[in-house]
Amino acid sequence: RKRRSGGRGPRGGVRWMPAIRPHQVAGLRVILQKELRNSDISQLGRIVLPKKESEAYLPILTSKDGRSLRMHDLLNAQLWTFKYRYWPNNKSRMYVLENTGDYVRTHNLRVGDFIMIYKDDDKNRFVLNLSSWLLSILVILARSR
DNA sequence: GCTACATGCATTCTT
DNA sequence: AGAATGCATGTAGCT
């Protein structure tokens, strides 16, 4: 299947099975996941977020200026500060996470990789994680030795 | 026909 | 001029 532009994101689950399944983490509730596209990993440093889940589980935005959002990196325990905002779009909204360039670069994210956002209800904070094709291969290679 | 969203692109800011 | 910003446009996939 191919998609040149537009269209809905992946719905109802993941298209490929990673070697590890980091979206299942004890104590964390999955809020959303996003399969990264070219524009998400470009130099623009912004990631489009799925509208339905954003509106359901991320903080309500009353202004398009949005707000700052902190997320704890599950891989390296780093604390990231992003800007969470929306753009007006066809009488609706497009939700965007900005200042994501460092995160994408740090983890070498590629097209087809996934990011996952969890809510840690106990500590009342958001947690960010990824599922990367490259990382999965490394895990497989490490296990085969 | 409608919606969500990937990306195009005009405008604004920075150097 | 080049980069960043913010909205507009085109369209895949639903319905």
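Note that the structure is a prediction, hence the values are computed from the model and not measured. Chain naming here is simple, since letters A, B, ... match the order of the sequence lines and numbering starts at 1 in each.
With a 6.0 Å radius and a threshold of 12 heavy atoms from other residues, nucleotides or ligands, Arg125(A) has its CZ atom above the threshold.
The phosphate of dT7(B) has OP1 or OP2 within less than 4.0 Å of a side-chain N or O from Ser39(A).
For the residue pair His72(A) / Asp120(A), no side-chain donor-acceptor distance below 3.5 Å is found, with atom types taken as modelled.
Put simply, CG on Leu36(A) is 14 Å from P on dC5(B), counting in whole angstrom units. Residue Glu53(A) contributes atom CD, which lies 13 Å from atom C1' of dC5(B) at whole-angstrom precision. As rounded to whole Å, 8 Å separates atom C1' of dC5(B) from atom NZ of Lys34(A). Residue Lys91(A) contributes atom NZ, which lies 16 Å from atom C1' of dA4(B) at whole-angstrom precision. Taking atom NZ of Lys51(A) as the reference point, atom P of dC14(C) lies 17 Å away to the nearest angstrom.
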Subject >> Nucleic acid footprint by protein, nucleotides 4-9 of chain C - heavy-atom cut-off 4.0 Å, B for base, S for sugar-phosphate alone >> reply: -BBBBB
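Figure legend: cation-pi geometry between Arg67(A) and Tyr84(A) absent, as NZ or CZ is not positioned both under 6.0 Å from the six-membered ring centre and within 45° of its axis.
Of the candidates Ile41(A), Leu36(A), Asp40(A), Ile41(A) is the only one forming a side-chain contact (heavy atoms from CB on, under 4.5 Å) with Val111(A).
Not one N or O on the side chain of Lys119(A) forms a donor-acceptor pair closer than 3.5 Å with the backbone of Val127(A).
Taking a cutoff of 4.0 Å between a charged side-chain nitrogen and a carboxylate oxygen, Asp102(A) and Arg105(A) qualify as a salt bridge.
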